[in-house]
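Just so we're on the same page: letters track the sequence lines, and every chain starts at 1. What you see is a predicted model, and the numbers here were worked out from it, not measured in a lab.
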Number of protein chains: 2
Amino acid sequence: MANRSCIIRLSRYKNALNRLKTLNFVRVFSDNLADAAGVTAAQVRKDFSLFGITGNRRGGYKVDELADQLNKILGKEQLQEFVLIGVGNMGRALLHYPGFERSGISIAAGFEIDPVKYNPDGKPPVLPLENLAEFVKSRNITLAIIAVPDYAAQQVLGLVLAAGIKGVLNFAPICLKAPNGSIVNNINLETELENLIYFVNAHENGN
Amino acid sequence: MANRSCIIRLSRYKNALNRLKTLNFVRVFSDNLADAAGVTAAQVRKDFSLFGITGNRRGGYKVDELADQLNKILGKEQLQEFVLIGVGNMGRALLHYPGFERSGISIAAGFEIDPVKYNPDGKPPVLPLENLAEFVKSRNITLAIIAVPDYAAQQVLGLVLAAGIKGVLNFAPICLKAPNGSIVNNINLETELENLIYFVNAHENGN
DNA sequence: TAGATTGTTAATCGATTAACAATC
DNA sequence: TAGATTGTTAATCGATTAACAATC
């Protein structure tokens, strides 16, 4: 039903609403949210109608109610626990990323093959990869972030899914495909930069 | 003409071709590339035709030639130099990300407001933010990565564009809009995770 | 009531896919 | 030549936008 772009817009509306909340706004119009998210007002109302979110024909939407409904859709009602596989350069940054805590996301632990990186008393702890399945099951965790080198990514994905993980965000520079029953999203830094380079060049050449 | 999705597919084709090259493949069919990139063969041929890339009606495409043409489109022919603004948690990881060097991308320097983080002799060096404009001009750099806290991002974008930067990849958790004449792409970790959470839940509920 | 905004339907737009003549 | 694959056109599909009746 809803596609990736739609859900990304929902996140943007939610972020805009949080700012309005701190400013004590009570009501908001589709037009305002459209401006904040860089889309059209029709798009905003269409997105809401997809999820059965309704407002008031004259008075727009109540900020509090709308925020609650979007938060529910995006899973912000409960703490979302992730495990992180690969505590290298990028993994370490994610393990200590301060933005997660503020937004109801928690990395329960990092996992590594390299014993030098073990740190069972860290916050979050870094544990041996072989403990992953047990940890994930005992804590009922279904989400993972993969940040291992490219050559290890495919194999790690197998381990992670075998451990019972349902959703993966992959930072390894290789496009992982999601087998049946799982969701895998890829963030490829090199690809993002190539994209930027292309459009800067295209722009310079007057397209 | 070409949109973001199209260019991202081009990056994938290019990555697949690099692997084929190491395996000494000489020719490749649209069908093979389609499998590698997870799209249809018609999509591959359509993408190529957008850029005037042609093959052989019977023998597919020559791996070397095709790789050269894609590399040219994606700016892989020369070293692409970036500056990085914000050497915090995420910035530090990007500053030392080993994947960049391998792919013709170089971070020329990091810039910071916090003097504690200055490190003029580092590789790459970390310099005072006030030196940004001078550095960028003397080195003719047009690309930047922003990795500062949310409250600083908008102001930093202003500085960066004033310094002559044309393309920005933004990691700050706030959606920056590109003023005329510039390109700004956003990577929002929280949004990516919310997206994953939504689709995992939707999947579990049988959609 | 008059005016403004929603919710939804229909129209538009653009991207993907199918199909097939051209041709190596 | 016969067979296979491209390059491109036309058909399909889906997402965005415009428009407007419903209604607060």
Side-chain angles (χ1 to χ4, degrees), chain A residues 1-13 16-17 20 25-70 73 175 177 195 198-199 202 207, chain B residues 1-13 16-17 20 25-70 73 175 177 195 198-199 202 207:
Chain A
M1 204 103 204
N3 60 16
R4 179 179 156 84
S5 321
C6 175
I7 303 303
I8 287 185
R9 288 193 299 267
L10 256 43
S11 287
R12 292 213 184 128
Y13 306 150
L17 285 167
L20 292 177
F25 273 55
V26 174
R27 297 179 171 284
V28 65
F29 301 122
S30 57
D31 209 37
N32 307 136
L33 289 170
D35 287 344
V39 300
T40 64
Q43 180 82 270
V44 174
R45 298 198 299 274
K46 189 92 206 225
D47 286 341
F48 289 171
S49 92
L50 245 176
F51 289 93
I53 295 174
T54 60
N56 186 301
R57 291 241 187 205
R58 183 68 177 60
Y61 305 83
K62 288 192 188 160
V63 172
D64 277 351
E65 277 180 22
L66 187 52
D68 285 350
Q69 291 179 90
L70 294 180
I73 292 165
C175 190
K177 247 162 261 172
N195 204 270
Y198 172 81
F199 284 107
N207 301 322
Chain B
M1 202 108 204
N3 60 15
R4 177 177 159 86
S5 321
C6 175
I7 303 303
I8 287 185
R9 288 193 299 268
L10 256 43
S11 287
R12 293 213 182 129
Y13 305 150
L17 285 167
L20 292 177
F25 272 55
V26 175
R27 296 180 171 284
V28 64
F29 301 123
S30 58
D31 209 36
N32 307 137
L33 289 171
D35 287 345
V39 301
T40 64
Q43 180 82 269
V44 173
R45 298 199 298 275
K46 189 91 205 226
D47 287 340
F48 289 171
S49 91
L50 245 175
F51 289 92
I53 294 174
T54 60
N56 185 301
R57 290 241 186 205
R58 184 68 176 58
Y61 305 83
K62 287 192 190 161
V63 171
D64 278 351
E65 278 180 21
L66 188 52
D68 286 350
Q69 291 179 88
L70 294 180
I73 293 166
C175 191
K177 248 162 261 171
N195 203 269
Y198 171 80
F199 284 106
N207 302 323

Can you tell me if A:R9 touches the phosphate of D:dT16, counting only side-chain N or O atoms and a distance under 4.0 Å to OP1 or OP2?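 Answer yes for this pair, as a side-chain N or O of A:R9 is under 4.0 Å from OP1 or OP2.
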C:dT16, OP1 or OP2 - any side-chain N/O from B:T40 closer than 4.0 Å?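 For B:T40, the contact criterion (side-chain N or O under 4.0 Å from OP1 or OP2 of C:dT16) is not met.
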How far does OH of B:Y13 sit from CG of B:L70, to the nearest 0.5 angstrom?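 CG of B:L70 is found 9.0 Å from OH of B:Y13.
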For residues 43-56 of chain A, which residues have at least one heavy atom under 4.0 Å from DNA chain D?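 Nucleic-acid contacts, sorted: A:Q43, A:R45, A:K46, A:N56.
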Under 4.5 Å between any side-chain heavy atoms of [X] and [Y], yes or no?
X: B:F48; Y: B:L66; result: yes
X: B:Y61; Y: B:N32; result: no
X: A:R9; Y: A:S5; result: yes

Evaluate the criterion side-chain contact (heavy atoms from CB on, under 4.5 Å) for residue pair B:D47 and B:V44; output intermediate values, then yes/no. CA-CA 5 Å; B:D47 287 340; B:V44 173; 5.7 Å; no
As its Watson-Crick or G-U partner within any shown strand, both distances under 3.5 Å, D:dA19 has C:dT8
Which nucleotide, if any, forms a Watson-Crick or G-U wobble pair with D:dC24, using both distances under 3.5 Å? C:dG3
Indicate the atoms forming the closest heavy-atom contact of B:A2 with B:F51, along with that distance.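 Smallest heavy-atom distance, with atoms named: CB-CZ, 3.7 Å.
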Could you check which of D:dT17, D:dT6, D:dT23 has an atom nearest any side-chain atom of B:Y61? D:dT6
Spacing of A:R58 atom CZ relative to D:dA21 atom C1', expressed in whole Å: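 Taking CZ of A:R58 and C1' of D:dA21, I get 17 Å after rounding.
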Atom CZ of A:R27 and atom P of C:dA4: how far apart are they, to the nearest Å? 17 Å
Does B:D31 or A:M1 map to a spot on DNA chain D nearer the 5' end, using the closest nucleotide for each? B:D31
Of A:G59 and B:N3, whose closest DNA chain C nucleotide lies nearer the 5' terminus?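 With B:N3 and A:G59 compared, the 5'-side residue is A:G59.
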Would you say the base of D:dT5 and the side-chain of B:R57 have a donor-acceptor pair closer than 3.5 Å?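 Side chain to base: no pair present.
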